[in-house]
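The block underneath contains the structure these notes are about, expressed in structure tokens.
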Amino acid sequence: MKQPLGTLLVVSGPSGSGKTTLCRRATENGLCVYSISCTTRRPRSGEVDGVDYHFLTAAEFAARVERGDFLEYAEVHGNRYGTLKADILNLLEQGKNVVMDIDVQGAEQIRACVDGILPKCYTDVYIYVPQEELRNRLCGRQTDEDEVISLRLRNAAREDACLPRYQYCLVSSDRETDYAAFAALLKCQSMRVALMRE
């Protein structure tokens, strides 16, 4: 039997939901890989082109948008970020599970893409944290002022409204329980009959 295709797992959730930690831990444990994003921002000290990011000029980025090269892209704090469609397709063809820690708008862009094997390989999960628990987590960080926490909570409520668009919902409790559920989802997705090559 041929090697099955990989899964593209899009992971969304509000700030403080632990989504980045889940993705990083699953990557470190060999369950999946992160895709390398493109950005127009300048490299920080120690960052390597093609390893940390694909660093593009504003003109290069705009040209790639025009050609339809991006699976998703956005502007954040004056810089543009995006994921190359070809990079994701290549990893999926190799049978690798790919995780993308991305906001609800980016997830919408990816859902709308019907190129190649993407629809067959795509799945998504929303990390949901009840508002009171989320408030406790954000306050517990002791890194943000009260008005920033209030803003994050308002943003979280708007993001939570998008939950019905997701295939899976992981209701967050504690780190170990969350990770066990996340890892089980990745393993389960890799067994889908839809990913078997014809």
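Basis for what follows: all heavy atoms, side chains included, without hydrogens, waters or symmetry-related copies. We number each residue from 1, following the sequence as shown.
Summarising the geometry of V10 relative to I110, their closest heavy-atom pair is CG2-CD1, 3.9 Å, with the distance given to 0.1 Å. Here the closest non-hydrogen pair linking A156 and Y126 is O-OH, 4.1 Å. Of all non-hydrogen atoms in R165 and E108, the two that sit nearest each other are CD-OE2, 2.8 Å. The heavy-atom pair separating P164 from A161 by the smallest distance is CD-O, 3.4 Å. The two residues S15 and L134 come nearest to each other via the heavy atoms O-CD1, 3.3 Å. The minimum heavy-atom distance linking V129 with E133 is given by the pair CG1-CG, 3.5 Å.
Separating the CD1 atom in I117 from the CG atom in L92 is a distance of 5.0 Å, to the nearest 0.5 Å. Atom CG of residue L138 and atom CD1 of residue I149 lie 6.0 Å apart, to the nearest 0.5 angstrom. Atom-to-atom distance recorded for R64:CZ and R80:CZ is 13.0 Å, nearest 0.5 angstrom. Remark: M196 CE to M191 CE distance equals 9.5 Å, nearest 0.5 Å. Taken from CD in E93 to CD in Q3, the straight-line distance is 10.0 Å, to the nearest 0.5 Å. Interatomic distance, SG of C188 versus OH of Y168, reported as 5.5 Å (0.5 Å rounding).
A salt bridge does not link E159 with R154: every distance from a Lys NZ or Arg NE/NH1/NH2 to an Asp or Glu carboxylate oxygen is 4.0 Å or more. The pair K85-D115 counts as a salt bridge, with a side-chain nitrogen and a carboxylate oxygen less than 4.0 angstrom apart. A salt bridge is defined here as a Lys NZ or Arg NE, NH1 or NH2 lying under 4.0 Å from an Asp or Glu carboxylate O, and R25 with E28 fails to meet this definition.
In this pair, Y73 and F61 present their aromatic rings perpendicular. The plane angle is above 60°, beyond the 30 to 60° band.
Residues Y122 and V98 share a hydrophobic cluster, clusters being chains of Ile/Leu/Val/Met/Phe/Trp/Tyr side chains in contact below 4.5 Å. In the hydrophobic clustering of this structure, L22 groups with Y34; members are Ile, Leu, Val, Met, Phe, Trp, Tyr whose side-chain heavy atoms approach within less than 4.5 Å, directly or through other members. Under the 4.5 Å side-chain heavy-atom criterion for grouping Ile, Leu, Val, Met, Phe, Trp and Tyr, L91 is not connected to Y53 through any hydrophobic cluster. Tracing side-chain contacts under 4.5 Å through hydrophobic residues (I, L, V, M, F, W, Y), one never reaches Y81 starting from L56; they form parts of separate clusters. L118 and V99 are not part of a single hydrophobic cluster, where members link through side-chain heavy atoms under 4.5 Å apart.
Under a cut-off of 6.0 angstrom, the local environment of CZ in R67 is crowded, with over 12 non-hydrogen atoms contributed by other residues, nucleotides or ligands. Annotation: R24, atom CZ; neighbour count of heavy atoms from other residues, nucleotides and ligands within 6.0 Å does not exceed 12. Few gaps surround CD on E147; more than 12 heavy atoms of other groups in view lie less than 6.0 Å from it.
At least one donor-acceptor pair under 3.5 Å links the side chain of D49 to the backbone N or O of F55. With hydrogens and angles disregarded, a donor-acceptor distance shorter than 3.5 Å links the side chain of E60 to the backbone of T57. No donor-acceptor pair closer than 3.5 Å links the side chain of E72 to the backbone N or O of G82. Between the D101 side chain and the K19 main chain, no donor and acceptor come within less than 3.5 Å of each other. Counting only distance, with no hydrogens or angles, the side chain of Q189 and the backbone of L186 share no donor-acceptor pair below 3.5 Å. Under the 3.5 Å distance criterion, the side-chain polar atoms of N97 are matched with a main-chain donor or acceptor of T7. Distance alone, capped at 3.5 Å, places no donor-acceptor pair between the S172 side chain and the Y128 backbone. Within the 3.5 Å criterion, the main-chain N or O of K120 finds a donor-acceptor partner in the side chain of R192. A donor-acceptor pair under 3.5 Å links the side-chain atoms of S17 to the main chain of P14, judged by distance alone. Between the side chain of T27 and the main chain of C23, a donor-acceptor pair closer than 3.5 Å is present.
At least one side-chain heavy atom of S12 sits less than 4.5 Å from a side-chain heavy atom of Y166. Between M100 and I88 the shortest side-chain heavy-atom distance falls below 4.5 Å. Contact check for I102 versus V11: no side-chain heavy atoms found under the 4.5 Å cut-off. Using a 4.5 Å cut-off on side-chain heavy atoms (C-beta onward), C169 and L163 make contact. For the pair L195/C121, a side-chain contact is recorded, criterion being any heavy-atom separation below 4.5 Å from C-beta on. Residues Y179 and T21 form no side-chain contact, since every pair of their non-hydrogen atoms from C-beta on lies 4.5 Å or further apart. Here the side chains of D52 and I36 are not in contact, with every heavy-atom distance at 4.5 Å or above. The side-chain heavy atoms of T123 and L8, taken from C-beta on, include no pair separated by under 4.5 Å.
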Side chain to side chain contact (heavy atoms under 4.5 Å, CB included) between R111 and D124, intermediate numbers included: CA-CA 9 Å; R111 276 189 210 106; D124 53 32; 3.0 Å; yes
Verdict with supporting geometry, T83 and F70, side chain to side chain contact (heavy atoms under 4.5 Å, CB included): CA-CA 5 Å; T83 305; F70 288 110; 5.6 Å; no
From CA spacing to verdict: side chain to side chain contact (heavy atoms under 4.5 Å, CB included), L9, L185: CA-CA 9 Å; L9 178 60; L185 175 58; 4.2 Å; yes
Residues K187, L31; criterion side chain to side chain contact (heavy atoms under 4.5 Å, CB included); working and verdict: CA-CA 8 Å; K187 290 173 183 174; L31 294 177; 3.8 Å; yes
Stepwise side-chain hydrogen bond (donor to acceptor under 3.5 Å, both in side chains) test for R152 and N155: CA-CA 5 Å; R152 290 188 189 279; N155 289 341; over 6 Å; no
